[in-house]
There are 2 protein chains.
Amino acid sequence: MDQSGRPAERERETELPNKSVVPISLASVKLACSQCSLHELCLSEGLSKEELAKLDSLVGARRKLRRQQNLYRAGEPFEALYAVRTGFFKTDILLEDGRDQVTGFQMAGEILGMDGIGTEVHSCNAVALEDSEVCVIPFAQLEQLSREIQALQHNFHKVMSRELVRDQGLMMLLGTMRAEERLAAFLLNMSQRFTSRGYSPAEFHLRMTREEIGSYLGLKLETVSRAFSRFQEEGYIAVQQKHIRLLDAAGLKKLLKHPPR
Amino acid sequence: MDQSGRPAERERETELPNKSVVPISLASVKLACSQCSLHELCLSEGLSKEELAKLDSLVGARRKLRRQQNLYRAGEPFEALYAVRTGFFKTDILLEDGRDQVTGFQMAGEILGMDGIGTEVHSCNAVALEDSEVCVIPFAQLEQLSREIQALQHNFHKVMSRELVRDQGLMMLLGTMRAEERLAAFLLNMSQRFTSRGYSPAEFHLRMTREEIGSYLGLKLETVSRAFSRFQEEGYIAVQQKHIRLLDAAGLKKLLKHPPR
DNA sequence: CTGCCGCTTTGATCCATGTCAATACGATAT
DNA sequence: ATATCGTATTGACATGGATCAAAGCGGCAG
């Protein structure tokens, strides 16, 4: 809601200056795909040196976003994909009657914007949940280049396909799982994604509110809160606000495999 | 379950011979993309004559499936996409604990199999709900050709993107809608898809059971049945088994826009 | 410090949908 | 016809999660 650019709650690890000039030295250096640490997650996996150079020239612009800023909004013309470099995003859809739903959370190395390809218009909103940075990938040029570079083409197709499979998993969750199973699945998924980015598998900081988690999982925020409390009572996790420690990941997994009914 | 090839219930409009030899004359004629009536829905939209010819040579094989036969199964290696020529399919996922969910219904002109691109393995099952026929599109060759034909490349990207958007809509449905809204959305979607294929917007035959509808919508079959009965009482539809007549589509739409709460 | 604001937790109650069970229906086989 | 089988409808009841409401907590501004 707050679009003022002044974060209501400051995040420790992602401080940005309040005004124009960039103080963090790294941010001013032009870092291209060829040097990007997100290699394997992103579109550049398996490309040769020369191919990477071409991709570098395509992925020119960067864009910084403050917490709560929109990367794009539903209805805006689609022009580019975005690769998350740093930070954390959510995508959501708003119905006319006011109901809305979070359709995903995206972190470093993940691609945003593919919803717009089919209609040339974005179908959802993408919002930074903390100060973030993305690589802008003009889509026409990506198609152009992926006609030249087979590996790039295939990477892109893989990214889209994996997104389809992710969505199937989410449908499964929304269609068949109870509240606690949903939250367990969510926590395990978060843990796995933090882990694959080199962070601790057992301890992490959630960037989203209980309401956003609930919206994503098809639950009300109170239900999410209760499930957190329950998991804490059971000794599966330790909760302190948005800070989560997984004490018994195996226990959570068991919850998924052996539903109460 | 019945893989015997003998349909348990025969569908009127899609009779196939019980044994080998093909009696229907058309079926033996090689119909290529260039003559296919599904043009606009499929990958061939907007291609030049020469380009269509190339696509024709790629989409060589056809495959016929009887009711209840699998087009592919979760876990099988991914090799090709399939374009539905005639008939009706469902895709579903089965969890280890026995729970399963229908993730989609596909009709003529729609593409199946994209879930397998990312991992080289199919992530769901595709089952014919009536005797059906698909075009087999070997994926490696499709990538090859879409590097040569820009329009084909773009069509393919659009198809995948639209699938992502469809999934978002389904998440919205599963995450925020009540039972009757879900069924209303389902019926309106079916009507729209039949309509765009030249069938009656107001009268159609559902190929799936109440249980399959329920699985797709995240509901139990009893709830689906009750919602059908309720809609009939309200005068929105006339139901006779799987035969549906929409008497008041506007009424159903209103249900969606103005939810009870 | 004090007050405000957004977020979270917790409790009490309600209701939509799930569950369980009986019956009906339509198609096919005998 | 009669039996059978899968599917669909309907009723009675149970329950998980939503709703409504009240504190609690932590960060920030003044």
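For the atom pair L170(B) CG and Y216(B) OH, the distance stands at 4.5 Å (nearest 0.5 Å).
Here dT19(D) presents its P atom at 11 Å from CG of L219(A), a figure rounded to the nearest Å. I237(B) has its CD1 atom 13 Å from the P atom of dA8(D), to the nearest Å. The distance from atom CG of L183(A) to atom P of dG17(D) is 12 Å, rounded to the nearest whole Å. Straight-line distance from the CE atom of M177(B) to the C1' atom of dA16(C): 17 Å, rounded to whole Å. As a whole-Å value, the separation of L206(A) CG from dC7(C) P is 15 Å. Atom C1' of nucleotide dT9(C) and atom CD of E233(A) are separated by 12 Å, given to the nearest angstrom. One can place NE2 of H243(B) at 19 Å from P of dC25(C), the figure rounded to the nearest angstrom. The distance between atom CD of E211(A) and atom P of dT9(C), rounded to the nearest whole Å, is 13 Å.
Using a 4.0 Å cut-off, no side-chain N or O of K242(B) falls inside it from OP1 or OP2 of dT7(D).
On a pure distance criterion of 3.5 Å, no polar donor-acceptor pair joins the side chain of R226(A) and the base of dG16(D). For dC20(D), the base has a donor-acceptor partner in the side chain of E222(A) [N/O atoms by modelled type, under 3.5 angstrom]. For a distance-only test at 3.5 Å, the side chain of R230(A) fails to qualify as a donor-acceptor partner of the base of dT9(C).
Listed candidates were dA18(D), dT10(D), dA21(D). Nearest to the side chain of T223(A) is dA18(D). In this structure, of dG17(D), dA8(D), dT9(C), it is dG17(D) that holds the atom nearest to the side chain of R178(A).
Here L221(B) lies in heavy-atom contact (under 4.0 Å) with a base. Among the protein residues, S229(A) comes within range of the sugar-phosphate backbone only, with heavy atoms under 4.0 Å from sugar or phosphate atoms but none that close to a base. Using a 4.0 Å heavy-atom cutoff across all strands shown, Q241(B) reaches sugar-phosphate atoms only and no base atom. When heavy atoms are screened at a 4.0 angstrom cut-off, G218(A) is found touching the sugar-phosphate backbone but no base atom.
Classification of E180(A) and R226(A) as a salt-bridged pair fails, no side-chain N sitting under 4.0 Å from a carboxylate O. Contact check on E234(A) versus R230(A) returns a salt bridge, with a Lys/Arg side-chain nitrogen under 4.0 Å from an Asp/Glu carboxylate oxygen. The existence of a salt bridge linking D97(A) and K257(B) is excluded, since no basic side-chain nitrogen approaches an acidic carboxylate oxygen closer than 4.0 Å.
Residues V165(A) and S123(B) come closest through the heavy atom pair CG2-OG, 3.7 Å.
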